[in-house]
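The model shown is predicted, which means the values in this text are computed figures rather than measured ones.
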Amino acid sequence: MTTKKKSCSKQFKIDAVKLVMAQGYKASGAARNLGIHPNVLRHWRNQLKTDSDRAFPGKSHMAPEIEELHRLRKE
């Protein structure tokens, strides 16, 4: 049995992380209510903490370093 990967918008991810960080919810409880795995929510939180400006770039919007790396590998 295969499962389809759920796609969440950038705003959904930010709001989910705010539930945990600002409103004091536990990651496990918030994740359960949102229908995502707790580890996913923890990953989003870490991503937002480390680099909030470039967190959650979306499909085909890579960080400049990664984009350059892909370009160099193609060459």
**Student:** Under the side-chain contact (heavy atoms from CB on, under 4.5 Å) test, which residues partner His43, sequence neighbours left out?
**Tutor:** Gln47
**Student:** Please name all residues satisfying side-chain hydrogen bond (donor to acceptor under 3.5 Å, both in side chains) with Asn46, sequence neighbours left out, ordered by chain then number.
**Tutor:** none
**Student:** State which residues pass side-chain hydrogen bond (donor to acceptor under 3.5 Å, both in side chains) with Arg73; sequence neighbours excluded, sorted by chain then number.
**Tutor:** none
**Student:** Less than 3.5 Å apart, which donor and acceptor atoms pair up between the side chains of residues 13-34 and the rest of the protein, not counting sequence neighbours?
**Tutor:**
{"residue": "Asp15", "atom": "OD1", "partner": "Gln11", "partner atom": "NE2", "Å": "2.9"}
{"residue": "Asn33", "atom": "ND2", "partner": "Gly29", "partner atom": "O", "Å": "3.4"}

